[in-house]
Amino acid sequence: MSVERTFSIIKPDATRRNLTGSINQKLEAAGLRIVGQKRLQLTEAQAKAFYAVHAERPFYGELVSFMISGPVVVQVLEGDNAVAKNRAIMGATNPANAESGTIRKEFAESIEANSVHGSDSLENAKNEIAFFFSESEIVG
Ligand code: CDP
Ligand code: MG
């Protein structure tokens with residue numbers, strides 16, 4: 001097992017419903033350490049840039065609007081196999097397909113308002129962490 005860092009976002013549907021602590025509890029119970037965390041209001045430019053990989057998808061415009069509809073909590077998570085571990089505890093993109101016990105099964109409202117983002121590879125994790133955090137804001 002190797003210690004990795006991954007990037008997470010608690011999305012506006014979850015901050016709106018006061019679920020930050022409940023989601024953090026699941027992350028920590030899964031063995032992930034929250035080594036960086038801040039609450040932000042994303043700008044439209046930030047949301048567009050962060051999700052640029054989806055720019056051609058039909059849901060892109062709605063996704064950007066949703067991501068700026070309220071505050072988010074951006075996080076750096078550290079632990080053994082953190083990238084895959086976080087994806088597992090998040091559950092499937094569509095909460096209807098998410099396994100029981102996962103964050104999305106328990107909390108997500110819809111395929112769009114699905115409560116959390118998590119990096120899908122170590123390389124993307126590095127880029128996404130650098131998008132939001134300076135080194136001095138991450139304390140392992
Ligand atoms: O977040 P995840 O990596 O599981 O899914 P994605 O395919 O990378 O999509 C990014 C985000 O776009 C999702 O988490 C949803 O918020 C949104 N999405 C959507 O609104 N409608 C879809 N059909 C697929 C994704
Ligand atoms: Mg993704």
Side-chain angles (χ1 to χ4, degrees):
M1 299 247 254
S2 65
V3 176
E4 297 173 351
R5 285 178 177 173
T6 191
F7 177 73
S8 163
I9 304 178
I10 300 177
K11 294 184 178 182
D13 66 286
T15 61
R16 191 175 292 128
R17 288 175 290 149
N18 227 15
L19 292 171
T20 299
S22 301
I23 289 171
N24 280 351
Q25 191 168 21
K26 280 194 170 285
L27 298 173
E28 292 184 334
L32 293 165
R33 302 183 72 82
I34 302 165
V35 296
Q37 178 168 255
K38 52 193 176 184
R39 182 172 167 107
L40 300 175
Q41 172 63 53
L42 296 184
T43 65
E44 186 176 359
Q46 276 178 310
K48 280 183 170 168
F50 183 77
Y51 278 119
V53 64
H54 294 310
E56 304 307 321
R57 309 282 290 276
F59 58 81
Y60 179 65
E62 287 295 327
L63 175 60
V64 169
S65 299
F66 163 63
M67 290 299 291
I68 64 174
S69 67
V72 299
V73 177
V74 295
Q75 305 176 307
V76 181
L77 309 177
E78 186 178 85
D80 285 329
N81 298 315
V83 173
K85 187 174 278 185
N86 186 43
R87 292 294 305 193
I89 192 67
M90 287 165 61
T93 307
N94 185 345
N97 301 328
E99 285 184 37
S100 64
T102 61
I103 291 169
R104 284 167 165 172
K105 182 68 172 186
E106 209 156 304
F107 301 124
E109 294 183 318
S110 67
I111 190 170
E112 175 183 82
N114 59 4
S115 302
V116 282
H117 165 85
S119 307
D120 60 7
S121 70
L122 200 52
E123 188 189 350
N124 284 339
K126 286 195 168 71
N127 293 333
E128 291 174 0
I129 289 168
F131 189 94
F132 283 106
F133 286 89
S134 62
E135 266 307 313
S136 66
E137 292 175 318
I138 304 169
V139 184

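Numbers here simply count residues along the sequence, with the first being 1. Every number for a ligand or one of its atoms is a count from 1 in the order of the listing.
A side-chain donor-acceptor contact under 3.5 Å links N114 to the backbone of I111. The main-chain N or O of L27 is never found under 3.5 Å from a side-chain atom of K85 such that the two would form a donor-acceptor pair. E137 places a side-chain N or O within 3.5 Å of a backbone atom of S134 that can act as its donor or acceptor partner. Using modelled atom types, no side-chain atom of Y60 and backbone atom of V53 make a donor-acceptor pair closer than 3.5 Å.
Remark: minimum distance from atom 24 (C) of ligand 1 to any protein heavy atom is reached at F59 CE2, 3.5 Å. The protein heavy-atom contact nearest to atom 16 (O) of ligand 1 is E112 O, 2.8 Å. Among protein heavy atoms, atom 5 (O) of ligand 1 sits closest to T93 OG1, 3.3 Å.
Looking at D120 against ligand 1, nothing comes within 4.0 Å, counting heavy atoms. By the criterion of a heavy-atom distance under 4.0 Å, both the backbone and the side chain of I111 are placed next to ligand 1. Neither the backbone nor the side chain of M67 comes within 4.0 Å of ligand 1, counting heavy atoms alone. Under 4.0 angstrom from ligand 1, there are no non-hydrogen atoms of R57. Contact annotation for K11 and ligand 1: only side-chain heavy atoms (C-beta onward) come within less than 4.0 Å of the ligand.
Judged by the shortest distance from any of its heavy atoms, H117 lies outside the 4.0 Å radius around the atoms of ligand 1.
The ligand atoms of ligand 1 that sit less than 4.0 angstrom from a heavy atom of N114 are 13 (C), 14 (O), 15 (C), 16 (O). Taking every non-hydrogen atom of L63 and a distance limit under 4.0 Å, the qualifying atoms of ligand 1 come out as 11 (C), 12 (O), 16 (O), 17 (C). Each of the atoms 2 (P), 3 (O), 4 (O) of ligand 1 lies under 4.0 Å from some heavy atom of R87.
Side-chain contact between I9 and F7: present, with at least one pair of heavy atoms (C-beta onward) separated by less than 4.5 Å.
Counting heavy atoms only, R104 comes closest to atom 1 (O) of ligand 1 of the residues H54, R104, E62, M90.
R87 and T93 make their closest contact through NH2-OG1, 4.5 Å (heavy atoms, listed as atom of the first residue, atom of the second, distance).
We find that E78 and R33 are not joined by a salt bridge, their nearest charged nitrogen and carboxylate oxygen being 4.0 Å or further apart.
Here the options are V116, V35, T6, I10, the test is side-chain contact (heavy atoms from CB on, under 4.5 Å), and the partner is Q75; only I10 passes.
Residues passing the side-chain hydrogen bond (donor to acceptor under 3.5 Å, both in side chains) test with R104, sequence neighbours excluded: none.
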